Amino acid sequence: MQQIFIEGLEVPTLIGVYDWERTQNTVLIIDLLIDADLSAAMQSDDVAHTIDYAAVAETVKQVGIDSSFELLEAFANAIISAVCSAFPIQKLVLTIEKPGILPDALKVGIRITHEAGK
């Protein structure tokens, strides 16, 4: 098994429970760790045989543009659905950070692990 990772992807979206959060987009920081079979690409050196990480990033950004969730958990579910339906992923670890929410915390967010077929 091989892995592709994207770290620190900035995704603006309308998200939050409180009225003040619903007035403008928040930039979330997203990390993805993707388990996939990349052996064909390792042999062929052909982008058609791998998962295009630029396309993954654009898929995640489009979910951000199209959504207006209250909870990170719901937003994460939308990302997982979009990415896993578009790409041959066996396992996805998704981390979403929401900066500036707790004044005494460096980071706040969620991490969800999704395995294909489960």
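Computed from a prediction, not measured in an experiment: that's the story for all the values here.
In terms of modelled atom types and a separation under 3.5 Å, the side chain of T23 and the main chain of W20 share a donor-acceptor contact.
Across all their heavy atoms, A54 and D52 have their closest contact at N-OD1, 3.0 Å. The heavy-atom pair separating S85 from A82 by the smallest distance is OG-O, 3.1 Å. When all heavy atoms are compared, the tightest approach of A57 to I6 is N-CD1, 4.2 Å. Scanning all heavy atoms of the two residues, the minimum distance from I29 to P99 falls at CG1-CG, 4.2 Å. Across all non-hydrogen atoms, the minimal contact from P88 to A36 is O-CB, 3.7 Å.
Connection of L9 to V83 is established within a shared hydrophobic cluster, with ILVMFWY side chains joined at heavy-atom distances below 4.5 Å, either directly or through further cluster members. Under the 4.5 Å side-chain heavy-atom criterion for ILVMFWY residues, a single connected hydrophobic cluster contains both V56 and L38. V93 and Y53 fall into different hydrophobic clusters, where Ile, Leu, Val, Met, Phe, Trp and Tyr are joined by side-chain heavy atoms under 4.5 Å apart, directly or via other members. Both I112 and I96 are assigned to one and the same hydrophobic cluster, defined by single-linkage of ILVMFWY side chains at heavy-atom distances under 4.5 Å.
For R22, the CZ atom counts as densely surrounded, since its 6.0 Å shell holds more than 12 non-hydrogen atoms of other residues, nucleotides or ligands. More than 12 heavy atoms of other shown residues, nucleotides or ligands fall within 6.0 angstrom of atom CZ in F87.
Among I80, I110, L94, I30, the one residue that satisfies the side chain to side chain contact (heavy atoms under 4.5 Å, CB included) test with F75 is I30.
Interatomic distance, CD1 of I79 versus CG of L32, reported as 7.0 Å (0.5 Å rounding). Annotation: the span from L33 atom CG to I89 atom CD1 amounts to 10.5 Å, rounded to 0.5 Å. The CE atom of M42 sits 14.0 Å away from atom NE2 of H49, with the distance rounded to the nearest 0.5 Å. Note that CG of L14 is 9.5 Å distant from CD of Q24, once rounded to the nearest 0.5 Å.
Pairs passing the salt bridge (charged side-chain N to carboxylate O under 4.0 Å, His left out) check and including a residue from residues 28-50, sequence neighbours excluded, do not occur. Residue pairs meeting the salt bridge (charged side-chain N to carboxylate O under 4.0 Å, His left out) criterion with at least one partner in residues 79-103, sequence neighbours excluded, are E21-K98, E97-K107.
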Between side-chain atoms of residues 65-73 and protein atoms elsewhere (two or more places apart, or another chain), which donor-acceptor pairs fall under 3.5 Å?
unit_1	atom_1	unit_2	atom_2	d
D66	OD1	Q62	NE2	3.0
D66	OD2	Q62	NE2	3.3
S67	OG	T13	OG1	3.3
S67	OG	V63	O	2.9

- Item | Verdict with supporting geometry, T50 and I4, side-chain contact (heavy atoms from CB on, under 4.5 Å) | CA-CA 10 Å; T50 192; I4 293 171; 4.1 Å; yes

